[in-house]
Amino acid sequence: MSTLRILIVEDDQGLLHKLVELYRSTFSQRGYDLAIDQADTVDVARQLARAARAQPYDFASLDVNLGDQTMTGLDVLDTLKRFRAAWMVTLLTGVETDASAEHTMGAEKAQGIRKRLRQTAYGRFPAERLLVVEKPARTLPEAEAARLLADRVGQIALLYEEIGKLRYIFRPIEVVSLQRVPVPKGQKAKRKFIEAAALHWQIRFDCGELRTLPDKAGLRTLHHLLALDRGESLTPEQAMAIEPRQERQEEAVSADADPVAQFFEDQGIAWHDLALEDREKLIAAALSLRFKRFVELRGFQDGDDLSAEEGDELERLRRELGPLSTAAETAYERISGGGTEHSGEPQPPATSSLVQDGLHATGGGNYDKADKDRRGHDSTEARGFRKRMERVRDYLRENGFAAFATHLESHLMSTGANWSYNPPEGVEWTT
Amino acid sequence: MVLGSGMISLDALRGGSLADAGGVNPRVLEDLRRVLLVVPSHFAAADTLRCHKSVWEWVSTLSSAGDQHELAFIFVLPPEASSADEGGLALGLSVDFISPLSTGHAVWRQSGSLDELLALLNQTRPMDLLPLKARRAADAKRNALAQLRAASLQDDPSLAVRAAKTVLDVFAGMEHSLDIYCCPPSHQHGNHLRTWLRALVTGNVTPQQWMSTKQQFNDWVAGSAQRET
């Protein structure tokens, strides 16, 4: 387990020491190593929260009435939120039930806080990561109060573990939208809009906000890697072939229901109203366009100049062409003159400097193939996979998940021919 | 110009900060640590406090920490500024006097020595806006004005009479300082407010007059005077 960073804020020194001991024993029993910071004033707590911007707390336990006339634990909560300095927060407070707040901040303010504590707190911090827990009443006998407090800290730790499972989210969701059907001039569309389902990725890393991204870079491959059991790995060939199960199902369903008709209906063309001759003309035109685009994209791919969108388009073309994609590939090889290069044995590098350049290349060195001279090199799939992962990282950075991208750089590894995800202990994904 | 410092005119300050071409607020104040507000001699405390508010609006927009950006704020007053001016600023910051250690603010007069100014710059503890907001939320004067504003939205003048009495009680002996809670021209609006309050508590306002004048209260008194933004 990685070290769990905890902040405990309580102005009552006796209770502060009790809480430190309770949290320490409760979390230690669950297998965590702990680093606990403590604060007994609003000021110290807010300074610690500011300082935790670079390394946020995993958990913070906050009292509300901190003996300050004007500021409260709710202001500390504000600072934790502003600096994203804590993953989960518990307001462990007696402010709703005891009269100590009146003495500290006056009747009017105390009553205001009492009435609106939960409303204010949930307005200041994400509700799914905030607990409001009542302290045992001061009127209880000491032993009874200690037993109750231990029980509540135990429940808080349990909830921390449950909620913590949502800490690193990376999962696919289907986003359905209405898209306008493109209609060629002079034709009338049967439907103006069609429902289009796209796979998006819901991502939350560390203390970042939850966001969704469309798969423009190959996030599905990454999803598969993160979801592997620890110790499992993936060959580049397997990685490149990964497609979401859902897509395959859709393909199967549409194939059963005349995929050609479905394709043209989706374009707004009244397929069933066309004469056989017209249908053949349309198929020929569509195929010709697709063959042309396929050849163009394959050229980009071989030149390592394929963008994320173009990569997706090429995959889609392959699926649409179905059995004809082999013919398209043959046509491309004939046009580009690259048939022998792809079918034959890989050629050894021309000079020793080329080998060295490869060893020093980013992410290089762990080749999945060796030639006759035992020099390492990457297969086409391994090169493609490296490229795909590079695109994923760039895309994540561009969309504000720099920490996630850096994490992948450190923990997504190639060990020779295979790729695996080896996170530090304590990281679990909801995938 | 002091090394490592930037300057902004009061007009530009009041004009508000600008987003860049992409609609994004550039984080140009990320490293801002100290602000010296040079107060012109014709400024009343109310004008200075409005500039103070504008500075915080700039900082909240142009720094990633927003209203939790820590700053040391020095008011540089003209040599002839009176202790009443300083008292007005303290009232605006909801403190009895401006302590560099506990409020994040300090006052230096231009008649003072440079050594004093440098010492103040080092002494003044940078603080964010949250403590000031908390103090203002607990400020009896602001709360009394807030109650009067709430009463001014009702049709029944008796509520307003009670609220007006409370306002005059908390401002007893310092009614002149009502100016700092008023919109510009603050002194003129302050005078209207004082007259209106006295008329209310002496029972010289008929329900008809109340209906016709209650809206004026909202024109005289700044919204943020009662509730800190």
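- For L159(B), the side-chain contact (heavy atoms from CB on, under 4.5 Å) partners at least two apart in sequence or on another chain are A151(B), Q154(B), D156(B), R162(B).
- Heavy-atom minimum distance, G190(B) versus D179(B): CA-OD1, 3.4 Å.
- Across all non-hydrogen atoms, the minimal contact from L219(A) to P214(A) is CD1-O, 4.2 Å.
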N/O donor-acceptor pairs between chain B and chain A, cut-off 3.5 Å:
unit_1: S64(B); atom_1: O; unit_2: R82(A); atom_2: NH1; d: 3.2
unit_1: S64(B); atom_1: OG; unit_2: R53(A); atom_2: NH2; d: 2.9
unit_1: A65(B); atom_1: O; unit_2: R82(A); atom_2: NE; d: 3.1
unit_1: Q68(B); atom_1: O; unit_2: R50(A); atom_2: NH1; d: 2.6
unit_1: Q68(B); atom_1: O; unit_2: R50(A); atom_2: NH2; d: 2.9
unit_1: Q68(B); atom_1: OE1; unit_2: R46(A); atom_2: NH2; d: 3.4
unit_1: Q68(B); atom_1: OE1; unit_2: T79(A); atom_2: OG1; d: 2.7
unit_1: Q68(B); atom_1: NE2; unit_2: D78(A); atom_2: O; d: 3.1
unit_1: E70(B); atom_1: OE2; unit_2: Q47(A); atom_2: NE2; d: 3.0
unit_1: E70(B); atom_1: OE2; unit_2: R50(A); atom_2: NE; d: 3.3
unit_1: R125(B); atom_1: NH1; unit_2: D43(A); atom_2: OD2; d: 3.1
unit_1: R125(B); atom_1: NH2; unit_2: D43(A); atom_2: OD1; d: 2.9
unit_1: R125(B); atom_1: NH2; unit_2: D43(A); atom_2: OD2; d: 2.8
unit_1: D128(B); atom_1: OD1; unit_2: R46(A); atom_2: NH1; d: 3.3
unit_1: D128(B); atom_1: OD1; unit_2: R46(A); atom_2: NH2; d: 3.3
unit_1: D128(B); atom_1: OD2; unit_2: R46(A); atom_2: NH1; d: 3.3
unit_1: D128(B); atom_1: OD2; unit_2: R46(A); atom_2: NH2; d: 2.1
unit_1: D128(B); atom_1: OD2; unit_2: R50(A); atom_2: NH2; d: 2.4

| ring pair (Phe, Tyr, Trp, His ring centres under 6.0 Å) between F404(A) and F170(A): does it pass, once the steps are laid out? | CA-CA 10 Å; F404(A) 187 13; F170(A) 183 72; 5.5 Å; yes
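- The salt bridge (charged side-chain N to carboxylate O under 4.0 Å, His left out) test applied to R14(B) returns D11(B), not counting sequence neighbours.
- For W210(B), there are no side chain to side chain donor-acceptor pair (under 3.5 Å) partners at least two apart in sequence or on another chain.
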